[in-house]
Each structure stands twice: as structure tokens, then as C-alpha cells.
Amino acid sequence: MKKILSSKFFDRGVLAVCPELLGKYLVINRGWKEVWFMITEIEAYDGQEDLACHARFGKTDRNAVMFGHPEHWYVYLCYGMYWMLNIVTGPWKHPSAILIRAVKSSTLKGTPSFIKEDKLDGPGKITKNLWIDKRFNWKKADKKSWLRIEDRWVIVKRYKTDKRIGVDYAGRWAKKKWRFILVNSQ
DNA sequence: ACGATGATGAAC
DNA sequence: TTCATCATCGTA
């Protein structure tokens with residue numbers, strides 16, 4: 001089963017989108033092949049107030065996409081080596097995005113041959129394995145895109161929340177449980 | 001526990 | 001122009 005997400009899916013507050021994004025599929029065209037992975041762990045970054053969010057500096061060249069329309073990719077380089085893949089959420093002009101931290105290949109279809117790992121657990125591992133980089137920044141993640149998100153199978157969903165990783169500098173915002181982890185998936 | 005590695009934002 | 005920082009990861 002394959003279901004295209006409504007264009008309104010991402011046009012909501014980031015904390016409303018997160019629980020629904022878990023269990024959806026990250027779909028990418030590589031060459032003539034299409035591969036997909038279930039999204040199993042994500043983090044919310046919400047607005048200029050959120051001291052862990054890049055938008056805390058106000059609008060800059062790097063984070064400008066977050067201030068724009070939902071359903072666009074925000075891809076940036078972290079620690080000089082790893083690309084971080086984020087999807088912008090709504091509402092328009094409210095800077096927010098979801099970092100995709102972990103995915104796993106579908107047990108229904110198996111792992112594509114060029115992917116060594118069954119689970120890509122870490123935002124840098126996802127982009128490295130799937131060849132995702134700056135080229136996707138600012139691109140819309142709709143059904144025509146080579147990189148998009150789809151609803152493919154209904155799953156029984158349970159998730160937990162926890163603190164976000166790598167943002168200890170953010171004071172009270174570091175304590176917010178804005179990391180969403182799928183449990184008992186499949 | 002630590003180094004690789006380079007863009008970014010702020011200060012000067 | 002310089003500087004500290006950084007939404008990480010593989011190796012030790």
C-alpha cells in the first residue's frame with residue numbers, strides 16, 4: 001500500500017507532526033531504483049525561542065528555509081563532516097523542523113543491495129548511506145521529488161519521548177522531551 | 001575518551 | 001579576519 005501524504009501534513013506545529021511522522025517512509029530515488037526506509041526516530045526544533053534550534057539566531061543564510069514553507073528539506077553540515085536531514089514544518093514563517101535521526105529498512109521488502117546496514121541509527125549515518133547532501137537543501141519533499149516522505153503501510157504504533165541529543169548547551173530547552181522514538185514497530 | 005573537519009555566527 | 005562553537009561518528 002502506498003499513500004501520498006497530503007500537502008497539509010507538514011503544515012502544522014512541529015510537535016503535532018512528530019508523532020505522525022514516526023512510521024512513515026523516507027523514500028529516495030537512486031539511479032533507476034527507488035528505496036525506502038521507515039522513520040523510527042526524530043527530533044523537533046521549534047522556533048526562535050527554542051535555544052537548541054538554529055532559528056535562535058534569527059533568520060540567517062543557513063536557516064532561512066526553516067522560516068519558509070513547510071514540506072521542504074533543510075540540510076546542513078554538522079561538525080564539518082555530516083549532513084543533517086530535516087523536514088520543515090508549519091505554520092509558514094514559524095521556523096521549525098524535524099531532524100530525522102534513525103530509519104530502518106522494511107522487513108517486507110528487505111534491504112536494498114547497496115545499503116550495508118539494516119538500521120541507520122544516527123542522522124549522519126542516514127545521509128552518508130543514502131547519499132543525501134546539500135543538494136536537497138531547499139527542495140520540496142513532494143511526490144515528484146527524488147527524496148520524499150510517504151505513508152506506505154499502516155503499522156501499530158507506539159512511541160516514547162526523550163531529551164534531544166547533542167543540545168546540552170540549550171538550558172531549559174535541552175530538557176524538553178522533543179525526541180520521538182518508535183517502539184515495537186512492525 | 002577523543003580527534004577529525006569545515007561551516008557558521010559573533011566579535012573585533 | 002579571527003575565534004569558539006557545533007542537532008556526529010568511528011576508533012581507542
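Protein chains get the first letters and strands the later ones, always in sequence-line order, with residue 1 at the start of each.
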Comparing Cys78(A) and Phe57(A) on DNA chain B - which has the more 5′ nearest nucleotide: Cys78(A)

Ile42(A) side, atom CD1; Thr161(A) side, atom OG1 - distance, nearest 0.5 Å: 11.5 Å

Asp162(A)/Lys177(A) ion pair, N-O < 4.0 Å: no

Members of residues 84-101 of chain A that approach DNA chain C, where some heavy atom sits under 4.0 Å away: Met84(A), Asn86(A), Leu99(A), Arg101(A)

Close side-chain approach of Trp73(A) to Ile87(A), heavy-atom, < 4.5 Å: yes

Min side-chain heavy-atom separation Lys33(A)-Asn29(A) under 4.5 Å: no

Exceeds 12 heavy-atom contacts within 6.0 angstrom, atom NZ of Lys8(A): no

Glu150(A)/Lys24(A) salt bridge by N-O under 4.0 Å criterion: no

Inter-residue atom distance Trp146(A).CH2 - Lys139(A).NZ, 0.5 Å rounding: 11.5 Å

Rounded distance (nearest 0.5 Å) linking atom CG of Leu130(A) with atom NZ of Lys128(A): 12.0 Å

Touch class at under 4.0 angstrom, heavy-atom based, for Tyr82(A) against every strand present: base

CE on Met84(A) to OH on Tyr76(A), rounded to 0.5 Å: 6.0 Å

Close side-chain approach of Phe180(A) and Pro19(A), heavy atoms under 4.5 Å: yes

Distance in Å, Leu51(A) CG paired with Phe57(A) CZ, rounded so as to fall on 0.5 Å steps: 9.5 Å

N-O pairing of Arg135(A) and Asp133(A) below 4.0 Å: yes

N-O pairing of Glu43(A) and Arg164(A) below 4.0 Å: no

Value in whole Å for how far the P atom of dC6(C) lies from CZ of Arg62(A): 11 Å

Residues from residues 65-74 of chain A lying under 4.0 Å of DNA chain B - heavy atoms: none

Pairing pattern in dot-bracket form [Watson-Crick, G-U; both distances under 3.5 Å; | = partner strand] for DNA chain C: ||||||.||||.

Phosphate OP1/OP2 of dT8(C): any Lys128(A) side-chain N/O under 4.0 Å: no

Rounded distance [0.5 Å steps], OH in Tyr25(A) versus CZ in Arg148(A): 14.5 Å

Interface residues of residues 159-173 of chain A with DNA chain B (non-hydrogen, below 4.0 angstrom): none

Residues touching DNA chain C, which here means a heavy atom under 4.0 Å, drawn from residues 48-55 of chain A: Ala52(A), His54(A)

Electrostatic pair Glu71(A)-Arg12(A), nearest N-O below 4.0 angstrom: no

Neighbour count >12 (heavy atoms, 6.0 Å) for atom NZ, Lys157(A): yes

Any Val88(A) side-chain heavy atom under 4.5 Å of Val65(A) side chain: yes

Protein-nucleotide distance (Leu77(A), atom CG; dT5(C), atom P), rounded to Å: 19 Å

First and last nucleotide of DNA chain B, 5' to 3', lying under 4.0 Å from heavy atoms of chain A: dA4(B) to dA10(B)

Between Ser96(A) and Asp46(A): side-chain donor-acceptor atoms closer than 3.5 Å: no

